[in-house]
There are 2 protein chains.
Amino acid sequence: MSDAPSLPIARQQSVRLVVERLLRDRAVSRAELARSTGLSKQTISEVMRDLERDGWVREDGQVQGSVGRSAVTYALRPDAAFVLGVDLGGTKLHVALADLQGEIVAESIEPTSGDGGAAVVAQIGRMQESLLQQASVPAQRLRGGVMGSPGIIDPASGSIVIAPNIPGLDSLDVRAALRERLGIDVAIENDVNLAAIGEHWRGNSRKARSFAFIAVGTGIGMGIFSDGYLVRGARGAAGEIAYLPLGGDPYDTRGLRLGTLETAVGSVGIVERYLGLGGVPGGTVRDVFDRLDSDEAARVAIDEVSRILASAILAVHCILDSEIIIMGGSIGVRPELKLRIEEYLGRCMRQPVRIELSALGNRATLIGAVGSAIDLVHRSLFGIGRDAGPLALPAMATDVAA
Amino acid sequence: MSDAPSLPIARQQSVRLVVERLLRDRAVSRAELARSTGLSKQTISEVMRDLERDGWVREDGQVQGSVGRSAVTYALRPDAAFVLGVDLGGTKLHVALADLQGEIVAESIEPTSGDGGAAVVAQIGRMQESLLQQASVPAQRLRGGVMGSPGIIDPASGSIVIAPNIPGLDSLDVRAALRERLGIDVAIENDVNLAAIGEHWRGNSRKARSFAFIAVGTGIGMGIFSDGYLVRGARGAAGEIAYLPLGGDPYDTRGLRLGTLETAVGSVGIVERYLGLGGVPGGTVRDVFDRLDSDEAARVAIDEVSRILASAILAVHCILDSEIIIMGGSIGVRPELKLRIEEYLGRCMRQPVRIELSALGNRATLIGAVGSAIDLVHRSLFGIGRDAGPLALPAMATDVAA
DNA sequence: CCAATTTGTCAGGACAGCGAACTAATGCTG
DNA sequence: CAGCATTAGTTCGCTGTCCTGACAAATTGG
């Protein structure tokens, strides 16, 4: 905090090099730091003295080299700062408090307030205070946060353009309101994009620099990583595959309104399809899946949905050449669906793309929010990867690439 | 050249700041540089003295401020270094020699040698020597090059994985062979990607940070920019929209082999479609377009192609949220096609994406190669934007964003 | 217990960058 | 036309980072 603004450029650079190294390996000795950064031993000593004085690092054990004096190793203090991750859904509001290592120290879920944007901001504020108290974290240690929300977020301003589920959220300057109420800067990002970030950080696409996360549930959406960077698009609407012209006629007015693909494979579409095939009325998507083995209509319906999803994945893969596709969302994580999609993919691709189920399930957005928040805090404190835009996450804590 | 390796980090940083500013505005005074970089006047003076001594910049006129002493302005010397741009097509080989400002000082076209990869490399070598002589440029001033080729280029190694038109090119280490023969480092990139870079640099998408360049000709391909970066994909196959599951059945074996979309709207597909509608046999795509007003079969055929292309553009736009779509390639640049596509887009999108024709035509790849080569040389000389991968072009000369 | 090796600190020097004072050039004004 | 305000660019002295080299401290192996 006190160092970033005032320190001269040269020292900032040195600090940055040291911190970047410390982010990769938990415990590093001063001598090792000197070797790997190319700085001299004294420079390292000085930097470490300052970092330790300000509470950013601490001694963390020793290391016995085969011969010679043993070295004291240093590690970042996970409790040097904390971040807030928020998953704002239409029905549930999930807030987590985590330290700089990504360890969640407190979290809570509440039904989302139905009284509009300002009430939701106040609710988040109350939950934040409760979590801070619960984990005995002083408020000034909280250094930033990220909130995921359905809808479209303008990449330039970071404000919500379209918020489908929460009335009055798009008319409010949520970011300013959150800063006012919480006392920290909170970046806002599309929930599916954050889920993709979560899977990249702690999930099933950790090693992939190019992948897509497809969420199939009530609606359908996608988060895209390309070369390790989140793809947002010109207006923050990249990955809105609800409107893909597959599974129906894109010139139909209904597809124009709700999205052709979403109409075909969203939860409403699946149930309608099942009924159209003579299925038993009065059930949900869950029931359709449960009847897969006994009910021919269910089998055919899910088969058709899988076929459409496979062609959507083919389309995505053609355009993005992703290394892996992660399936998420309440419907997307069903293994029965994955099996069928893989079968169809085998019939329309020479080298079918790898499909994996989300490892984080309904926590993906929350974990992505925490990960992004940690990255943002690192960036603001040490200027790491400052050339990259916010939430680009190329130098993320777990990114092992040199 | 001689400065980059030996200079201390702080000075390199200063030089980099100065050069980045000079790349944006042609002529800048020292006082202005001091203000915009935040460095002190003396530091600027010293940096400029060194740069001028080494031949990178020169005095370039004066400027009259409304009041006060007039300032001497400096500009980068365009002739400080030269680059080679190569467009390697299946039938034509196009090579250009350009200075650091992107001014092409000599260029030539030859039929591509039919004797395979090694012969092509030798041919490029001969053309390079001829161009250097023609423009009286000493060989040591040539500092780098970029070559565009159809096929898939591995993003990690930069070598050609699949080269459809030139036999023996994929088995050869083209990059090493070119370095050996030309004496410079030559990066290789997909031709459509380079065309997209060309349009971004000097064409119709100059201000767009997210756009797609779609080339429709014998085949169909796409180059993608997202947030100012070229999207390559995991294996360099991003933008291979030939396989999009539109305009046909993706589970058909023919679509699997040739690509569903390409089968439908490639030149062969257009002619076949025209014949199937009862058109006059024995013509080319050009003839079909020429008969648009007189021949009902031609009108319907082009209409259907436009409808399919519109849905492809819709698919691309859903996934990428591009600001603008540039149409290129021998078929893609036809205004008749653009008109019809726009009509269909108006019927399947609430806010139709902007469509523009390529401003560079069949020179797009060559110009993109020159632009990337200049960017690479800037990068290697001054370490500009070193965090970004090769050819990412975020700090390109014409990029006005701060 | 000593030699070898590695860790970490203590000086001294080199140098980039800054601030302030100063000189130089230009336009405006009385 | 002289003087003043303003801007451009230089010289000088200072601060602070970083490096080299020497040295003390700690640890292992013989």
Side-chain angles (χ1 to χ4, degrees), chain A residues 2-19 21-22 25 27-54 57-75 382-383, chain B residues 3-22 25 27-54 57-75 382-383:
Chain A
S2 63
D3 44 358
S6 59
L7 275 172
I9 304 162
R11 172 52 63 93
Q12 273 186 47
Q13 193 97 3
S14 304
V15 170
R16 187 174 133 181
L17 278 169
V18 168
V19 173
R21 184 75 172 79
L22 285 171
D25 299 299
V28 189
S29 74
R30 275 181 274 202
E32 172 56 27
L33 278 169
R35 277 190 297 267
S36 67
T37 60
L39 298 168
S40 67
K41 285 188 292 180
Q42 314 71 312
T43 304
I44 295 294
S45 285
E46 205 168 330
V47 169
M48 297 309 286
R49 189 158 40 241
D50 291 356
L51 283 174
E52 194 172 8
R53 166 173 49 75
D54 295 344
V57 304
R58 65 172 175 214
E59 296 189 11
D60 188 62
Q62 295 210 339
V63 77
Q64 269 94 334
S66 55
V67 66
R69 176 173 168 179
S70 65
V72 179
T73 56
Y74 287 81
F382 306 111
Chain B
D3 44 358
S6 58
L7 275 173
I9 304 161
R11 173 52 64 92
Q12 271 187 48
Q13 193 98 3
S14 303
V15 169
R16 187 175 133 179
L17 277 169
V18 168
V19 173
E20 270 177 349
R21 183 76 172 80
L22 285 171
D25 300 298
V28 189
S29 74
R30 275 181 276 199
E32 171 57 27
L33 279 169
R35 275 191 297 269
S36 66
T37 60
L39 298 168
S40 67
K41 286 190 289 182
Q42 318 70 291
T43 305
I44 295 294
S45 286
E46 203 169 331
V47 169
M48 297 309 285
R49 188 155 43 239
D50 291 356
L51 283 174
E52 193 171 11
R53 167 173 48 75
D54 295 344
V57 305
R58 65 174 175 213
E59 295 190 10
D60 188 62
Q62 294 212 338
V63 77
Q64 269 96 335
S66 54
V67 66
R69 177 173 168 180
S70 66
V72 179
T73 57
Y74 288 81
F382 304 111

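In what follows, chains are A, B, ... by sequence order, proteins preceding strands, each numbered from 1. Quick note: numbers below take in every heavy atom, side chains included, and nothing from hydrogens, waters or symmetry partners.
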CG of A:L17 to CG of A:L39: how many Å apart, nearest 0.5 Å? 5.5 Å
Residues passing the side-chain hydrogen bond (donor to acceptor under 3.5 Å, both in side chains) test with A:E59, sequence neighbours excluded, are none
Test side-chain hydrogen bond (donor to acceptor under 3.5 Å, both in side chains) applied to A:E46 - qualifying residues, sequence neighbours left out: A:R11
Counting primed atoms plus P, OP1 and OP2 as sugar-phosphate and everything else as base, spell out the protein contacts along nucleotides 18-25 of chain D at 4.0 Å heavy-atom distance: B, S or - for each nucleotide, 5' to 3'. SBBB--BB
Whole-Å gap separating P (C:dA16) and CZ (B:R16): 18 Å
Could you pull out all residues at least two apart from B:S40 that satisfy side-chain contact (heavy atoms from CB on, under 4.5 Å)? B:Q42, B:T43
With sequence neighbours excluded, residues passing side-chain contact (heavy atoms from CB on, under 4.5 Å) with B:A27: B:D60, B:T73
Over how many whole Å does the gap from B:I44 atom CD1 to C:dA16 atom C1' extend? 13 Å
Is there a side-chain polar atom (N or O) of B:S45 under 4.0 Å from OP1 or OP2 of D:dT10? yes
To the nearest 10 degrees, the angle between the two end axes of the helix from C:dC1-D:dG30 to C:dG30-D:dC1 (five pairs per end) comes to 10°
For A:E59 and C:dT7, give me the distance from atom CD to atom P, rounded to whole Å. 16 Å
Could you work out, with side-chain hydrogen bond (donor to acceptor under 3.5 Å, both in side chains) as the rule, every residue matching B:R53, not counting sequence neighbours? B:D50
Can you tell me how far apart CZ (A:R30) and NZ (A:K41) are? Round to the nearest 0.5 Å. 11.0 Å
Rounded off to whole Å, could you give me the CE-to-P distance for the B:M48 and D:dA8 pair? 14 Å
Sub-4.0 Å heavy-atom contacts from residues 29-36 of chain B onto DNA chain D, ordered by number: B:R30, B:A31, B:R35
Got a second to check how far B:M48's CE is from B:R58's CZ, nearest 0.5 Å? 12.5 Å
Restricting to non-hydrogen atoms, name the atom on B:L22 and the atom on B:A75 that form the minimum distance, rounded to 0.1 Å. CD2-CA, 4.5 Å
Return the set of residues passing side-chain contact (heavy atoms from CB on, under 4.5 Å) with A:S36 (not counting sequence neighbours), or none when no residue passes. A:R21, A:E32
Hey, could you give me the CG/OG distance between A:L33 and A:S14, rounded to the nearest 0.5 Å? 11.5 Å
Atom-pair distance (CG on A:D50; P on D:dG16), nearest Å: 13 Å
